[in-house]
Amino acid sequence: MSNERKVAIVTGASQGIGAALVKGFRDRNYRVVATSRSITQGSDPDILAVPGDIADPATAEAVVREAIARFGRVDTLVNNAGIFIAKPFTDYTAEDFQTKIATNLAGFFHITQQAVAAMLKQGSGHVVSITTSLTDHAVAGVPTVLANLTKGGINSATKALAVEYATRGIRVNAVSPGIIKTPMHAPQTHEFLAGLHPVKRMGEVRDIVDAVLFLESAGFVTGEILHVDGGQSAGH
Ligand SMILES: NC(=O)c1ccc[n+]([C@@H]2O[C@H](COP(=O)([O-])OP(=O)(O)OC[C@H]3O[C@@H](n4cnc5c(N)ncnc54)[C@H](OP(=O)(O)O)[C@@H]3O)[C@@H](O)[C@H]2O)c1
């Protein structure tokens with residue numbers, strides 16, 4: 001077991017932004033623990049797949065335990081697992097609410113707690129969460145209150161944790177995307193979604209990976225909500 005290379009945990013790593021984040025960290029020679037419900041172990045010995053539902057505290061515990069057992073440390077946690085349910089407010093079901101809170105908020109809470117505990121022992125670490133610029137600007141005709149409730153909570157928790165751990169070597173940041181071309185959005189919706197950005201195009205997965213990797217190497221940046229949203233949070 002070697003401690004010399006950095007180790008990143010990426011949640012929601014099976015597809016979309018998370019799968020690209022795994023590649024982005026591997027390209028920087030990190031060892032990566034990749035987790036999601038459907039993740040499977042591939043042939044790269046520097047990627048450890050740990051399957052599980054991120055809402056379950058047992059998944060959080062297993063991911064961090066396996067990271068330390070296999071790679072010896074946890075330098076970075078990327079909270080990327082998340083779901084999106086857009087509906088008029090009064091149409092949301094109790095199940096929508098529970099699923100959203102479980103995946104987006106409990107999924108952030110449990111693994112961040114486990115990872116920060118490991119980082120505290122090391123005296124260093126970085127937590128970065130993928131939120132959404134919908135928390136800063138509601139879009140008429142696209143009702144998303146459960147995204148606002150959950151991702152807005154993570155943005156606020158990012159600042160609180162950044163200050164709580166500022167003197168103990170742990171930075172805490174978020175990347176706030178606009179609408180990104182991933183399996184979350186069917187191709188037939190892309191033209192409409194592009195129009196929701198001042199730059200009149202959707203973002204690419206690479207835009208989010210680049211932002212996460214920038215924050216990873218920006219040692220004086222903590223408590224930052226980095227908007228990568230084609231100008232959405234600036235105005236319309
Ligand atoms: N795409 C966008 O336009 C956009 C915009 C703003 C913010 N975001 C945020 O960016 C993040 C990634 O989005 P994406 O577009 O890449 O999404 P995606 O393609 O739908 O992928 C979501 C990932 O989360 C995992 N996941 C979902 N529920 C889970 C659960 N209960 N437990 C464990 N893993 C779970 C999925 O894997 P399994 O199915 O294998 O579990 C998958 O790997 C999300 O947090 C999303 O809210 C995306």
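Whatever order the structure lists ligands and atoms in, that order sets their numbers, starting from 1. Values reported hereafter were calculated over all heavy atoms of this structure, with side chains retained and with hydrogens, waters and symmetry mates removed.
- Across A55 and H110, no two heavy atoms sit closer than the pair O-CD2, 3.7 Å.
- A salt bridge between K100 and D96 is absent, with no side-chain N of the basic residue lying under 4.0 Å from a carboxylate O of the acidic one.
- Heavy atoms of other residues, nucleotides or ligands lying less than 6.0 angstrom from NZ of K121 number 12 at most.
- Between N79 and S129, the side chains place a donor N or O and an acceptor N or O closer than 3.5 Å (distance only, hydrogens not considered).
- Checked against the 6.0 Å centroid criterion, the rings of H236 and H137 qualify as a close aromatic pair.
- For ligand 1, the 4.0 Å heavy-atom shell takes in G12, A13, S14, Q15, G16, I17, S36, R37, S38, G52, D53, I54, N80, A81, G82, I83, T103, I130, T131, T132, K151, P177, G178, I179, I180, T182, P183, M184, H185, ordered by chain and residue number.
- Defined by atom type and a distance below 3.5 Å, a donor-acceptor pair is present between the side-chain atoms of T131 and N155.
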